Amino acid sequence: MESMGTLHPSTLSTKDLHWRILWNKDTCTLCGRCTAVCPVQAIELGVHRKRTVNVPLGIKDSPATALSVYHGIDQRTDPAFACVGCAMCSMVCPNDAIVPVLNEDVDKQRFHINTGGIPRRRGGRRNAPGSFLDQIKFVRISMLTDPALDAGRHEFEMRTLLGRILPPEEALKFSRENGWIPPVREIYPLIVGSMSFGALSPTMWEGLQMGVAYLNEELGMPVRMCTGEGGCPPRLLRSRFLKYVILQIASGYFGWDEIIRAIPEMKEDPCAVEIKYGQGAKPGDGGLLMWYKVNSLIAKVRGVPAGVSLPSPPTHQTKYSIEESVAKMIQSMYMAWGFRVPVYPKISGTSTVLAVLNNLARNPIAAGLAIDGEDGGTGAAYNVSMDHMGHPIASNIRDAYLNLVKIGKQNEIPLFAGGGIGKNGNLGANAAALIMLGASGVQVGKYLMQAAAGCLGSESDRCNICNIGQCPKGITSQDPRLYRRLDPEHVAQRLVDVYLSFDTELKKVVAPLGRSTSLPIGMSDALGISDRNAAERLQIKYVV
Amino acid sequence: MCRLFAITSQDPLTPMVALEALNVMKEGHDGSGVGLYLSDLAGDFEPYKDYPILSGIFSNAGMKKLDDYMLARGFRPKFERAIRPAKPAPAGTPRRDVYLISVYDYPDDWKYLPKAEVRLRLMLTRVTLRQMGIEDGSMMVFSFWPDTIMLKEIGDPLEIADYIDLNDRNILARNILSQGRQNTNYAITLYACHPFFVQGVATMTNGENTAFVPIREFLMSRNFPGYVGYQSDSEVFAHILHYTYYNLGMGLEAYKHIITPLKDDELARHPETSRLRLLKHTCRPLIIDGPNCVIGFLPDQTLFMVHDSKKLRPGVIGGKPGIYCCSSEICGLDAAIPDRDRDEDFQPMKYDIVYVDKKRREIKKWNQWEPFTHPH
Ligand code: SF4
Ligand code: SF4
């Protein structure tokens with residue numbers, strides 16, 4: 001840091017930053033690629049004066065000072081330009097001369113990122129690296145009393161249902177009387193969670209869609225993808241691929257003008273409609289697409305002017321009570337497709353989940369409930385919401401499931417869990433644990449961004465700048481210069497890789513438990529944990 | 001794995017036939033228990049076919065408790081066999097005061113009740129007595145149903161039979177289920193011992209049922225007071241059949257489709273796709289995950305056997321007109337009906353269900369790819 005006359009309270013040194021840049025003068029060739037690639041302009045060319053003292057041998061000449069100049073990379077210390085640790089600089093450096101490192105001390109930067117009275121906003125996830133789901137083990141191993149199955153060679157049916165399933169007595173009666181039976185979809189239990197067109201770049205979205213189509217049509221895996229709140233590109237709405245899509249409607253109703261208009265021209269019904277009431281990463285907040293990302297394409301799909309921030313209200317403004325939200329909105333959405341498309345709400349994890357659930361249970365057509373836990377991701381939110389608001393998913397799902405068991409509707413209202421599944425890479429194990437706690441399937445977003453597109457975000461506050469449209473990988477940017485970095489074909493291929501490996505992992509979990517004929521929803525006797533309180537809370541085995 | 005043997009015969013048989021067949025299959029059970037279900041009774045109980053018979057094990061105090069309870073509810077004892085063993089108990093078999101088989105006349109005020117109500121009340125009486133017995137260990141009640149006797153005890157089947165002189169008592173039946181127990185996960189409690197019985201539905205199973213917990217949760221949440229117990233993971237097979245038969249009004253074919261439905265892509269090729277898909281979706285928590293072989297009787301006295309796809313060593317059905325049996329091993333069948341035509345023996349595979357109806361003329365086979373034979 002250069003010397004300066006006065007110190008401002010927010011004057012920081014590089015030691016105070018969360019991410020510090022280590023730069024090696026010896027190997028740097030001053031090519032300038034790092035400063036060009038940095039998404040937040042955290043580094044810049046520095047010109048430094050250097051003084052050397054020359055001490056000649058002998059007594060003839062006296063020691064003298066020589067001054068020189070050298071050039072190098074400087075890290076900016078203004079919190080507005082703080083390094084986010086994305087390491088794109090390292091990626092482009094031909095000589096490995098630069099790398100960001102996490103400050104081993106508690107940084108001071110965090111106290112100053114509210115300049116102008118605006119609290120910190122960012123994208124990404126809760127900055128909490130631990131995963132509760134990782135602690136759950138599968139302890140009921142089949143061996144002699146019943147043979148364990150061969151995950152590689154046995155036949156498995158790992159499908160789940162999305163839709164309101166009638167009690168058997170009623171279903172048979174309706175079928176005899178040619179009555180209406182709610183639509184039910186047989187789908188793969190790993191759903192591409194709601195990430196909107198707009199939050200994601202066009203290349204990312206296209207890649208995911210292509211991957212999903214391939215999984216369905218070439219591999220016979222009925223994978224579904226939820227649009228998030230951003231509408232759906234018009235061509236997709238009118239294509240046969242719409243059947244792989246879950247359309248989300250949220251409080252801003254973005255894109256629904258376009259969707260409603262397209263209904264008469266649709267070749268296929270969508271898989272389902274998800275009504276978003278809440279999101280795990282920022283419960284109680286509506287969706288937010290910041291102005292940086294609202295270009296003319298996004299604006300057109302969403303039916304809004306370009307270049308303005310799009311904050312959705314925290315709640316559906318036309319609704320006054322839960323009864324109304326549930327009954328009216330679900331019914332209207334059913335009506336739009338002639339009662340052929342399942343409609344279900346998604347809420348953020350909350351201690352009031354049972355109240356919502358009881359309401360749904362009384363509604364005769366609600367097609368399920370998706371619950372998004374505190375570890376869910378977001379494209380943009382206040383840091384405080386992300387880090388401190390929300391409810392862990394495990395106990396929410398367990399409570400909801402056991403409550404359905406109590407009223408005998410555990411098969412009627414499928415529960416879908418989201419938020420932090422695979423946050424440390426353990427996608428198969430985390431998903432299986434939630435399914436055995438009672439979920440019918442899981443919704444995953446961040447893991448897919450990481451695995452299928454190389455997202456750099458992490459729970460130690462790495463990158464997480466999805467909100468400002470500067471995504472260095474082109475995943476969450478609407479700037480063609482950035483999203484061109486992402487080849488949709490590669491995203492599709494990686495998505496397929498992820499699903500195939502997940503499928504194998506899921507089998508490697510259920511086969512030793514002796515399960516193959518149906519997804520082990522609620523098979524809680526297979527689960528154990530070494531935390532007595534957690535075991536008691538979730539009603540699973542305490543094992544040490 | 002437990003050994004199973006079932007027989008249905010035109011001519012009344014002593015239960016020793018079944019116990020001897022179990023004895024032949026002894027390698028596979030460890031003598032830790034035996035269970036018997038007898039129906040279409042003959043011998044001493046033939047005259048009382050229309051009256052409910054209570055079967056269970058009682059202490060002397062339990063007998064008193066039982067009498068008080070039944071009298072207070074208006075049941076009048078008509079006939080009883082109270083077996084008080086005189087010989088020393090075989091090693092490992094607990095000393096009991098009374099093995100009771102007691103016929104009652106219905107209370108007067110039941111006379112004009114609809115059949116379903118009578119069924120319900122009989123079942124409730126059994127469940128209540130069972131509960132009263134659990135509280136102080138004074139009684140264990142296995143069945144309370146017309147034309148039905150059940151016996152369960154810990155120990156080797158033949159030794160138990162000798163101990164209670166089963167052979168010398170004139171207790172005969174045309175339908176018999178018997179199980180030789182291989183004790184696995186559960187502490188030996190007689191309520192975990194097969195066969196299981198509820199309202200005329202009786203089944204026994206071998207193999208572990210790994211989907212037990214979600215199935216039990218589903219059954220218990222049907223709010224039917226007879227879906228209790230579950231000391232064994234196999235009890236659910238009887239209850240699923242009961243649920244299919246009474247609640248859904250469907251038979252064995254639907255039972256097969258419920259416990260082992262066709263896969264989604266198989267269903268798509270089936271002539272009755274939509275109906276079967278509906279059944280599969282709505283009864284999804286009842287899908288079993290074996291390997292399991294289920295053998296049992298329906299309330300109409302049809303004997304059946306069914307497997308899931310993981311049963312690598314299926315049971316066998318065989319016999320001749322007038323007498324048929326299902327056995328978990330062929331040697332059991334050989335012991336019981338040696339003079340049958342062995343070419344007619346049949347081992348049902350993953351799509352099959354086999355049954356012999358009350359006429360006992362032939363083995364009927366039905367395969368999941370066929371349409372339902374009874375309209376539902
Ligand atoms: S790590 Fe990323 S944000 Fe930090 S200096 Fe390098 S490119 Fe810039
Ligand atoms: S790489 Fe892109 S999507 Fe991932 S955290 Fe950074 S900005 Fe967000």
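These numbers come from a predicted model, not from an experiment. Every chain is numbered from 1, with letters handed out A, B, ... down the list of sequences.
Contact tally against chain B (heavy-atom pairs below 4.5 Å) for A/R159, A/H154, A/K406, A/Q410: the top residue is A/Q410. If you tally non-hydrogen atom pairs under 4.5 Å between each of B/N247, B/N292, B/D264, B/I287 and chain A, the highest count goes to B/D264. Listed options A/S516, A/P167, A/G220 were ranked by heavy-atom pairs under 4.5 angstrom with chain B; first place goes to A/S516. Ranked by heavy-atom pairs shorter than 4.5 Å toward chain B, the options A/L404, A/I165, A/L519 are led by A/I165. Contacts with chain B were tallied for A/E155, A/E170, A/K173; A/E155 has the most, counting heavy-atom pairs under 4.5 Å.
Between A/V509 and A/M436 the shortest side-chain heavy-atom distance falls below 4.5 Å.
Within the 3.5 Å criterion, the main-chain N or O of B/G315 finds a donor-acceptor partner in the side chain of B/H307. A/R164 places a side-chain N or O within 3.5 Å of a backbone atom of A/N363 that can act as its donor or acceptor partner. With hydrogens and angles disregarded, a donor-acceptor distance shorter than 3.5 Å links the side chain of B/S328 to the backbone of B/L4. Judged by distance alone, with hydrogens and angles left aside, the side-chain atoms of A/N430 form no donor-acceptor pair with the main-chain N or O of A/I136 at under 3.5 Å. Using a distance-only test at 3.5 Å, with no hydrogens or angles considered, a donor-acceptor pair links the side chain of A/W180 to the main chain of A/F339. A/E412 places no side-chain N or O within 3.5 Å of a backbone atom of A/K409 that could act as its donor or acceptor partner.
Of the two parts of A/T160, the backbone and the side chain both hold a non-hydrogen atom closer than 4.5 Å to a non-hydrogen atom of chain B. Within the 4.5 angstrom heavy-atom criterion, atoms from both the backbone and the side chain of A/I521 approach chain B. At a 4.5 Å heavy-atom cutoff, the contact between B/R222 and chain A is made by side-chain atoms alone. If you measure heavy-atom distances from A/P520 to chain B, you find no contacts under 4.5 Å at all. Neither the backbone nor the side chain of A/F174 comes within contact range of chain B; no heavy atoms are under 4.5 Å apart. Of the two parts of B/I258, neither the backbone nor the side chain holds a non-hydrogen atom closer than 4.5 Å to a non-hydrogen atom of chain A.
Separation of the B/F196 and B/H194 ring centroids falls under the 6.0 Å cut-off.
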